[in-house]
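The next block holds one structure in the form of structure tokens; read it before the comments.
One-based numbering, in listed order, for ligands and for the atoms of each.
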Amino acid sequence: MIILGIETSCDETGISLYNNKKGIIINEIYSQSNIHSKYGGVVPNIASKNHSKKIIKLIKKIIKKTSIKIKKIKAIAFTAGPGLSSSLIIGATVANTLSYLYKKPCIPINHIEGHILSIMISKKKPKFPFISLITSGAHTILTIVYNFNNYKIIGNCLDDSAGETFDKIGNIINLKYPAGNKISKFAKYKKNKFIFPKPITSNKNNFNFSFSGLKTYIINFIKKKQVNLQFKYDLSYSLEETITDILILKTINAAKKYNINKISIVGGVSANIKLRKKMNKEAKKNKIKTFYPNIKLCTDNAAMIAYTGYIKYITKKIKKNNFLIKIKSNWKINELF
Ligand code: KG4
Ligand code: ZN
């Protein structure tokens, strides 16, 4: 069975084909990050304009590259939320139009669920139940994944996400958006470490995240310093250390509290190598197994949307198509559409 996946939640246009026997057949991404880096973050109307410029070209490209006929595609899955409304609507419109023209079911997919299930199309995948930390530019969420379609949120982000904190501090020290991986590169040249606060980490049973206090602390800290290249290296190192410490502490505490010995970390920030190394070390001490998506599946992509579409299809979680184009910009993982 082949499922077409369409992802347009933010500034990446993603188109993918997933085959349940062969895995990901193709996974094309057009990233607009170069365009938005000038502005220090994603500008919604520019993002939607670029999605509409690229989306049909990308669909034509995957059809040409794979020689797969549209009639072989079983269903069309698209990101229906959460995300930027003006970006979501492009993918939703194209998906619904194709679905109407070719008489295929159209499956709205929750982007967060897509990230959670990205681990299932990666080389090493966990058995249920497992703890999933979703850490991206938009979210920092801790969930227990009991099964497909069965998630329990145990922690959420109260303000800025981990990725957003990397991006905003990166912007202040002139690192282009998205800054996460650039901060990592700078961190390698550190000479000094600064100690930064780690908000809401004292209570072992509180799995919520808050990064805005850390961000404000660092902004004020920078104002008092001479910002030269070495300072930027040291700051990058200290920021990466602080954010990864918080993510690891909360995730390990969650695994211990719920007595679950498997942790999966997904989303853009899960591409961070230091996070992976430190987490592996901490997990080993606690006899916990760790799982991460292939690097290409950490940031936004359509393969995870196509795969989630496949899961919805086989678990019969799809409704009859009424061709009402629905999106939900702040769709929570455990809410019904
Ligand atoms: O999952 P994603 O592509 O988009 C959302 O759903 O939000 O995540 C993008 C985020 C950005 O904030 C980016 O800075 C961060 O992931 N990121 C990283 C790394 N690669 C991407 N953060 C830390 N280290 C990385 N290597
Ligand atoms: Zn995402």
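In summary, no N, O or S atom of Cys10 is located under 2.8 Å from the Zn ion (ligand 2). Among the atoms of His111, an N, O or S atom falls under 2.8 Å of the Zn ion (ligand 2).
Figure legend: Lys54 and Tyr30 shown as a cation-pi pair, the cationic atom lying under 6.0 angstrom from the six-membered ring centre and within 45 degrees of its axis.
With ligand atoms numbered from 1 in the order given, ligand 1 contributes 1 (O), 3 (O) to contacts under 4.0 Å with heavy atoms of Thr299. Interface of His115 with ligand 1, defined as ligand atoms under 4.0 Å from a residue heavy atom, comprises 1 (O), 6 (O). If you number the atoms of ligand 1 from 1 as listed, the ones under 4.0 Å from a heavy atom of Pro178 come out as 13 (C), 14 (O). Taking a cut-off of under 4.0 Å to the non-hydrogen atoms of Phe166, the atoms of ligand 1 that pass are 22 (N), 23 (C). Ligand 1 places these atoms under 4.0 Å from at least one heavy atom of Ala138: 7 (O). Numbered from 1 in the order shown, with element, the atoms of ligand 1 that lie under 4.0 Å from a heavy atom of Gly163 read 12 (O).
Hydrophobic cluster membership is shared by Ile325 and Leu4, with clusters built from Ile, Leu, Val, Met, Phe, Trp and Tyr side chains linked at under 4.5 angstrom. Cluster membership check: Ile107 does not share its hydrophobic cluster with Ile89, using side-chain heavy-atom separations under 4.5 Å among Ile, Leu, Val, Met, Phe, Trp and Tyr.
Considering just the N/O/S atoms of Asp300, the one nearest the Zn ion (ligand 2) carries the name OD1.
An N or O contact shorter than 3.5 Å links Gly180 to ligand 1 by distance. When only interatomic distances are considered, the shortest N/O to N/O separation between His111 and ligand 1 falls below 3.5 Å. The distance criterion of under 3.5 Å between nitrogen or oxygen atoms is not met by Gly267 with respect to ligand 1. Where the criterion is an N or O separation shorter than 3.5 Å, residue side chain and backbone included, Glu12 fails it with respect to ligand 1. Close N/O approach between Asn272 and ligand 1 is found [any backbone or side-chain N/O within under 3.5 Å].
The six-membered or imidazole ring of Phe194 lies near that of Phe221, with a centre-to-centre distance under 6.0 Å. Within the 6.0 Å centre-distance limit, the rings of Phe128 and Phe148 are counted as a close aromatic pair.
Side chains of Ser210 and Asp159: a donor on one and an acceptor on the other come within 3.5 Å. Checked by atom type, the side-chain pair His139/Asn156 shows no donor-acceptor distance below 3.5 Å. Defined by atom type and a distance below 3.5 Å, a donor-acceptor pair is missing between the side-chain atoms of Lys332 and Asn110.
Expressed to the nearest 0.5 Å, how far CG of Leu249 lies from CD of Glu282 amounts to 8.5 Å.
Looking at Asp300 against ligand 1, both its backbone and its side chain come within 4.0 Å, counting heavy atoms.
Using a 30° and 60° split on the angle between ring planes, Tyr18 and Tyr310 fall in the tilted class, from 30° to 60°. Between Phe207 and Tyr258, the angle of the ring planes lies from 30° to 60°, which puts this pair in the tilted group.
Without hydrogens or angle criteria, Thr244 side chain to Leu275 main chain gives no donor-acceptor distance under 3.5 Å.
Heavy atoms of Ala271 come nearer than 4.0 angstrom to ligand 1 in at least one pair.
Comparing Ser161, Ser118, Ala187, Gly137 against atom 8 (O) of ligand 1, the shortest heavy-atom distance belongs to Gly137. When the heavy-atom distances from atom 17 (N) of ligand 1 to Gly268, Ser184, Ser31 are ranked, the shortest goes to Gly268.
Nearest non-hydrogen protein atom to atom 11 (C) of ligand 1 is Asp167 OD2, 3.5 Å.
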